[in-house]
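Counting starts at 1 for both ligands and their atoms, following the listed order. What's counted below: heavy atoms across the whole structure, side chains too, no hydrogens, waters or symmetry copies.
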Amino acid sequence: MNDSPDPQSLVLVGYRGTGKSTVGKILAERLGLPFADADVELEALVGVPISAIFAEQGEVAFRDWEERVLCDLSTRPVMIVATGGGVVLRETNRRRINSFGFVAWLTADPEVLARRLRADPSGLANRPALTGVGTLGEIARVLEERTPLYRAVADAIVDTNQRTPAQTADAILDLWPHS
Ligand code: S3P
């Protein structure tokens with residue numbers, strides 16, 4: 001959590017399939033602010049898709065790229081940032097997002113996440129498996145590890161189970177003390 005008085009970016013965190021990128025674009029458009037998707041920035045920096053980075057360089061290298069991209073984003077003027085689902089794994093990243101942003105954690109039940117991920121085959125193809133135990137098993141296992149980390153950084157928590165992306169954006173605007 002942060003209590004910085006400076007104008008802050010909005011940083012969206014949460015598991016894959018919670019809608020960070022879609023919601024982030026809606027908010028940026030509504031507020032007339034720039035939007036950055038950390039995964040897209042990362043792919044542009046490295047020059048290959050995330051799936052290829054995992055396959056060719058491994059997850060640790062991917063996390064190094066992710067940290068570097070986040071560092072770059074933290075230096076930009078106020079904006080809306082959608083992060084990758086694993087950004088909270090590193091303490092450096094957790095400290096960084098709290099220092100430059102108001103952090104909104106988007107949540108959803110594992111079954112809802114699995115349904116959304118399966119409904120987006122192209123997204124699934126570029127989301128490398130993190131555990132090898134199947135979609136629902138992976139969600140349960142990864143969420144068990146990450147839930148305390150998401151909770152630790154969150155300034156606001158928004159349940160997306162019953163919300164459309166536009167409704168999630170509304171809920172965030174109710175909670176984000178931007179001017
Ligand atoms: C990851 C989530 C992905 C992407 C990468 C790793 C994760 O981002 O950063 O595949 O560890 O949960 P999205 O949450 O945008 O899918």
Visitor: Please write down residue, atom name and distance for the protein heavy atom closest to atom 5 (C) of ligand 1.
Guide: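 Going by distance alone, atom 5 (C) of ligand 1 is nearest to Phe62 CZ, 3.7 Å.
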Visitor: Answer whether the closest heavy-atom distance between the side chains of Met79 and Leu33 falls below 4.5 Å.
Guide: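 The answer is no; the side chains never approach within 4.5 Å.
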Visitor: Among all protein heavy atoms in this structure, tell me which lies nearest to atom 1 (C) of ligand 1, with the distance rounded to 0.1 Å.
Guide: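 For atom 1 (C) of ligand 1, the nearest protein heavy atom comes out as Arg16 NE, 3.5 Å.
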Visitor: Can Arg116 and Glu111 be counted as an ion pair, charged N to O under 4.0 angstrom?
Guide: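 Result for this pair is no, no salt bridge flagged.
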Visitor: Walk me through it: do Gln8 and Trp176 pass the test side chain to side chain donor-acceptor pair (under 3.5 Å)?
Guide: CA-CA 10 Å; Gln8 296 212 297; Trp176 181 29; over 6 Å; no
Visitor: Please work out, at 4.0 Å between heavy atoms, whether the side chain, the backbone, both, or neither of Arg63 comes within that distance of ligand 1.
Guide: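 Side chain only.
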Visitor: If you count the atoms of ligand 1 from 1 in the order shown, which ones are under 4.0 Å from a heavy atom of Pro128?
Guide: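 Those qualifying, in numeric order: 10 (O).
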Visitor: Under 4.0 Å, heavy atoms only, figure out whether ligand 1 is touched by the backbone of Arg146, its side chain, both or neither.
Guide: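 It is the side chain that gets close, since no backbone atom is under 4.0 Å.
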Visitor: Counting non-hydrogen protein atoms only, what is the nearest one to atom 14 (O) of ligand 1? Give residue, atom name and distance.
Guide: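 Answer, as residue, atom name and distance: Lys20 NZ, 2.5 Å.
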Visitor: If we only count N/O pairs under 3.5 Å, is Gly85 in contact with ligand 1?
Guide: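 There is such a contact, yes.
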Visitor: Using a strict cut-off of 4.0 Å, indicate which atoms of ligand 1 neighbour a heavy atom of Arg127.
Guide: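 So the atoms of ligand 1 that pass are 16 (O).
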Visitor: What do we get for Leu130 next to ligand 1 when only non-hydrogen atoms under 4.0 Å count, side chain, backbone, both or neither?
Guide: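 Side chain only.
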Visitor: Under a 4.5 Å cut-off applied to non-hydrogen side-chain atoms, are Trp105 and Val153 in contact?
Guide: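 They are not in contact (no side-chain heavy atoms under 4.5 Å apart), so the answer is no.
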Visitor: Of Ile157, Leu113, Val158, which is the lone residue that meets side chain to side chain contact (heavy atoms under 4.5 Å, CB included) with Thr107?
Guide: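 Exactly one candidate clears the test, Ile157.
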Visitor: Applying salt bridge (Lys or Arg N to Asp or Glu O under 4.0 Å) between Glu138 and each of Arg16, Arg146, Arg127, report the one that passes.
Guide: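 Considering Arg16, Arg146, Arg127, a salt bridge (Lys or Arg N to Asp or Glu O under 4.0 Å) with Glu138 is found only for Arg16.
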Visitor: Assess whether atom CD of Glu29 is packed by more than 12 heavy atoms of other residues, nucleotides or ligands within 6.0 Å.
Guide: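 Not buried by this count: 12 neighbours or fewer within 6.0 Å.
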Visitor: From the options Val40, Asp39, Leu89, select the one whose nearest heavy atom is closest to atom 15 (O) of ligand 1.
Guide: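 When every heavy atom of Val40, Asp39, Leu89 is considered, Asp39 comes closest to atom 15 (O) of ligand 1.
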